[in-house]
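As C-alpha cells, the structure follows; a few thoughts come after it.
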Amino acid sequence: MGRLGQGVGAICGVVAAPTAAEMTAAIRLALRETPTIELRLDWLSSDNERSKLLSWLRSHRPTNATFLATCRRRSAGGLFPGDIQAQLYWLIQAREAGCQWCDIEIETLRELPNKSARGYSVPGRIMLSIHDFERTPDIGRAFRMPVRGEVDTIKIAALSRTISDSVRLLKWAEGSKDCIAVPMGEIGLPARVLALQHGSTLEYAPVGAATAPGQVSLHDLKHLYRAHELNRRTRVYGVIGDPIGHTLSPLMHNSAFAAKKMNAVYLPFLVHSLPDFLKAIPEFGIRGFSVTIPHKQKILKHLKHCDDLAADIGAVNTVVVRPDGSLAGSNTDYIGVLRSLEKKLHLAKSRILLFGAGGSARAAAVGLARHGAQVAICARRERQAHDLARAVGGEAIPRFALRSESFDAIINTTPVGMHPHSKVSPLAADELNCRIVMDLIYRPERTQLLQIAAKKGIHTVSGVEMFLAQGIAQWELWTKQRAPEAVMRQAVVKALRSETPLTPSGKAKPNAPQQKSQR
C-alpha cells in the first residue's frame, strides 16, 4: 500500500483533464515534482476516456509513486454524471489499475449500506472528503465523523470568507491525526501554503496553471513557496492588500529567501478587514509584512511605533512585527521614487506633478519636497489634493489645467492601468507636457500611460524600478541582511516579460472546464 504524505510526496499533484492523453501527459509532468498524484477521474469526458487512462496506468505506473483516485459526483461538486454504483465501479477499476488510495466524499459515504466503503473492492486506503463551497463551518458541530477504522484519513476543504476562517481550519489540522486541511478561495491561499507546516498530511496543487482563485500550481507551491520545506521555525512574511492577485512581491521576496538559503516564506494576503488580518498575525507566526492599497493609511492606528518619515507621510508600506507582538511601521515607497528619478533629472527645484493623492502619492510628495522639488498634486478628489499639497508646501492643480501646464516630470500614483485593466491610461496624450513620465504601476512593465508618453518622445520610467527599490529596502528591514538585488531584479523582470495571455477578466485561460471542487 502506498503512504500519503511521505517526503516531498506531502505535496499532491492534481491531474484533471477531459481526455486520457492529456491526463497521461500531466501525470508525467507531475511525477517530476512529486511521487503523490491525485487522478480526477470525474474530469474525464466519458467512460471510454476513463478506461483508456486506467489501461495506461496498469502498464506505466511507477512503483515508487502513490496514486489517489477521485471520481466525485455532480451532487458533491464534481463532474461525474453517474450514480453511486457507477462511481464505485470506477474506483474499483482504479484499484485494479494500481491506485492505492481513493477519495470518497461524505455524501457518498452517507448513502452506502452501514455508511462504509470497506465492503467494496475500492483502493485499500480510503480518504473521506468533506467539502463546503460556501463557508468554513464549525467543524466540530457540523460533521459527525465516521467510526475510526472506516476511513484512513479525513480531508476538509472549505471556503475561507475571512482569514479567521482559514486559521480555524489550520487549528483543526493541528489538533487532529491523519487529516488534510484545504482552505479554499483567494483569502485562504496563505493558509493553503502553510497547511503542511500546521500538520496537514497533504497539500493539493494542480499541474500547470491554477483553475480557480486561491489555487497554487504544483510548480509554484514547490519552487516559489517551497511549501514542502516549511516548518515551525520558518519565518513568515507577506503583503496585505485588496486586491492582491496582481502582486509580484511573493516572487521577488521568495527568490531572495531561496538565494540566501533562508528558512522564510512570503505570502499574499487578501485583506478585506484589517482587524481580521491583525488578529491572525500570531497564529501564522508573521514577522513582517508589506502594506498596499487600501491599507497604507488605515494601518497607522494599529502601530505602536512609526518612524518619523512615515509619520510625516501619513502612510506606511512596511511593518515589522517585534518580538513582543507590537507593530513598527516604515515607508520605503519614497525610496523607489527618488532612486528612479535621480537617474533622470536633478530633483532640486524641478517641478514634478503627482497624479493621485493616496498613500503612494503622499510618500512621493514628502520625499520629493525634502529633496527640494516643487511638488504639484492633481487628483480626482480635489480636497485630498489640496490637503496633500498644503502638507508639503506644494500646489494643487485642477485636471483641466494639465493641458496648459508643463512639468519636468509627471508621476502616476493611481492604480489606473494596473493589471488586469492594462488597456486604460489615467492621463491623455495632451495632458502629458513634460520631459519624463513615471508610472508607479509595475505590472504591466510598459503601461498604456508609458506607451502614450513614448509616442510623444517623452522619456519614461517604469514602475519596476520603484517596485524593486522599495522591496529591497523592505527585505533588508526585515532580515537585517544585504538583499540579493540582482536575483530579485532578474526574477521580477523575467516574470513581467513572459506574462501569460489573459482573458478580459484578468485570469489565465483555463485548459479545462472550471468547477468548484477542483480545490
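Keep in mind that this is a model prediction, so the values were computed, not measured.
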Item checked: R110 CZ to I84 CD1 distance, which is reported to the nearest 0.5 Å -> 12.0 Å
Margin query: With a 3.5 Å distance limit and no angle check, can you tell me whether S462 reaches the backbone of E445 through a side-chain donor-acceptor pair?
Written below: yes
Notebook entry, point to check: Under a 4.5 Å cut-off applied to non-hydrogen side-chain atoms, are Y266 and W478 in contact?
Noted result: yes
Notebook entry, point to check: S176 side chain to W172 main-chain N or O, any donor-acceptor pair under 3.5 Å?
Noted result: yes
Check: Has N231 got more than 12 heavy atoms of other residues, nucleotides or ligands less than 6.0 Å from its CG?
Finding: yes
Notebook entry, point to check: Taking atom CZ of R232 as the centre, does the number of heavy atoms from other residues, nucleotides or ligands within less than 6.0 Å exceed 12?
Noted result: yes
Item checked: Least distance between heavy atoms, I104 atom then L109 atom -> CG2-N, 4.2 Å
Item checked: Contact check, side chains of M262 and T479, non-hydrogen atoms, under 4.5 Å -> yes
Check: Do S121 and R95 get their side chains close enough for a donor-acceptor pair, meaning under 3.5 Å?
Finding: no
Margin query: Within this structure, what is the CD1-CD1 distance for the pair I240 and I281, rounded to the nearest 0.5 Å?
Written below: 7.5 Å
Next item on the list: Taking all non-hydrogen atoms of both residues into account, name the closest pair between P268 and T247 and its distance.
Entry: CB-CG2, 4.5 Å
Notebook entry, point to check: So, for L31 and A65, which heavy atoms are closest and what is the spacing to 0.1 Å?
Noted result: CD2-CB, 3.9 Å
Checklist line | Spacing of NE2 belonging to H419 relative to CD1 belonging to I441, to within rounding of 0.5 Å | finding: 11.5 Å
Notebook entry, point to check: Within a strict 4.5 Å, meaning less than it, do heavy atoms of the F80 and R74 side chains meet?
Noted result: no
Margin query: So does D439 get a backbone contact from the side chain of N412, meaning a donor-acceptor N/O pair under 3.5 Å?
Written below: no
Checklist line | Which atom of A117 lies closest to which atom of I126, heavy atoms considered | finding: CB-CD1, 3.9 Å
Next item on the list: For A227 and I11, work out which heavy atoms get closest and say how close.
Entry: CB-CD1, 4.5 Å
Margin query: Taking E174 first and then K171, would you say they form a salt bridge - that is, a charged N and a carboxylate O separated by under 4.0 Å?
Written below: no
Next item on the list: Would you give the length of the straight line joining atom CE of M184 to atom CG of D165, rounded to the nearest 0.5 angstrom?
Entry: 11.5 Å
Check: Under 3.5 Å, side chain of T136 to main-chain N/O of L159, donor-acceptor pair present?
Finding: yes
Check: Is there side-chain contact between L278 and I299, with at least one heavy-atom pair below 4.5 Å?
Finding: yes
Check: Judged by atom type as modelled, is there a donor-acceptor pair below 3.5 Å linking the side chain of R161 to the main-chain atoms of E134?
Finding: yes
Check: Quick one: do the T70 and E38 side chains pair a donor with an acceptor below 3.5 Å?
Finding: yes
Check: Does L41 reach the side chain of L54, with side-chain heavy atoms less than 4.5 Å apart?
Finding: yes
Note to self: We want to know whether H131 and E107 form a side-chain donor-acceptor pair, criterion being a heavy-atom distance below 3.5 angstrom.
What the structure shows: no
Next item on the list: Please answer whether the main-chain N or O of D178 pairs with a side-chain N or O of T153 as donor and acceptor at a distance below 3.5 Å.
Entry: yes
Notebook entry, point to check: What are the two closest non-hydrogen atoms of Y442 and L248, and how far apart are they?
Noted result: OH-N, 2.8 Å
Note to self: More than 12 heavy atoms of other residues, nucleotides or ligands under 6.0 Å from CD of Q490: yes or no?
What the structure shows: no
Check: Does the side chain of S360 come under 3.5 Å of the side chain of K296 through a donor N or O and an acceptor N or O?
Finding: yes
Notebook entry, point to check: So, R226 side chain and L221 main chain: donor-acceptor pair closer than 3.5 Å or not?
Noted result: no
Check: Below 4.5 Å, heavy atoms only, C-beta onward: do R50 and Q93 meet side chain to side chain?
Finding: no
Check: At what distance, to the nearest 0.5 angstrom, does CE of M488 lie from CD1 of I472?
Finding: 5.5 Å
Margin query: Can you tell me how the ring of H219 sits relative to the ring of H223, calling it parallel under 30°, perpendicular over 60° and tilted otherwise?
Written below: tilted
Note to self: The test is side chain to side chain contact (heavy atoms under 4.5 Å, CB included); show your working for S129 and R72 and say whether it passes.
What the structure shows: CA-CA 10 Å; S129 64; R72 187 159 298 124; 3.4 Å; yes
Next item on the list: For side chain to side chain contact (heavy atoms under 4.5 Å, CB included), just list the numbers for I187 and H272, CA-CA rounded to whole Å, side-chain angles, deciding distance to a tenth of an Å, and then say yes or no.
Entry: CA-CA 9 Å; I187 289 176; H272 298 318; 3.6 Å; yes
Check: When F269 is tested against each of F289, F284, Y237 for ring-ring contact (aromatic ring centres under 6.0 Å, His included), which residue passes?
Finding: F284
Check: Between the main-chain N or O of P18 and the side-chain N or O of S45, is there a donor-acceptor pair closer than 3.5 Å?
Finding: yes
Check: More than 12 non-hydrogen atoms from neighbouring residues, nucleotides or ligands closer than 6.0 Å to NZ on K260, yes or no?
Finding: yes
Margin query: Distance check, rounded to the nearest 0.5 Å: R58 atom CZ versus L53 atom CG?
Written below: 10.0 Å
Notebook entry, point to check: Checking T201 side chain against C179 main chain: does a donor-acceptor pair fall under 3.5 Å?
Noted result: yes
Notebook entry, point to check: When you measure from the side chain of S160 to the backbone N and O of I163, does any donor-acceptor pair fall under 3.5 Å?
Noted result: no
Notebook entry, point to check: Angle class for the F257/W475 ring planes (parallel below 30°, perpendicular above 60°, tilted otherwise)?
Noted result: tilted
Next item on the list: Check whether any side-chain heavy atom of H295 lies under 4.5 Å from a side-chain heavy atom of H302, and answer yes or no.
Entry: no
Item checked: From CA spacing to verdict: salt bridge (charged side-chain N to carboxylate O under 4.0 Å, His left out), R489, E465 -> CA-CA 9 Å; R489 174 178 290 277; E465 298 306 317; 3.0 Å; yes
Item checked: Side-chain heavy atoms of I244 within contact of L189, under 4.5 Å -> no
Item checked: Passing candidate, side chain to side chain contact (heavy atoms under 4.5 Å, CB included) with V15, options E22, R40, M23 -> M23
Note to self: Would you say N317 and T332 are linked by a side-chain donor-acceptor pair, where the criterion is simply a distance under 3.5 Å?
What the structure shows: yes
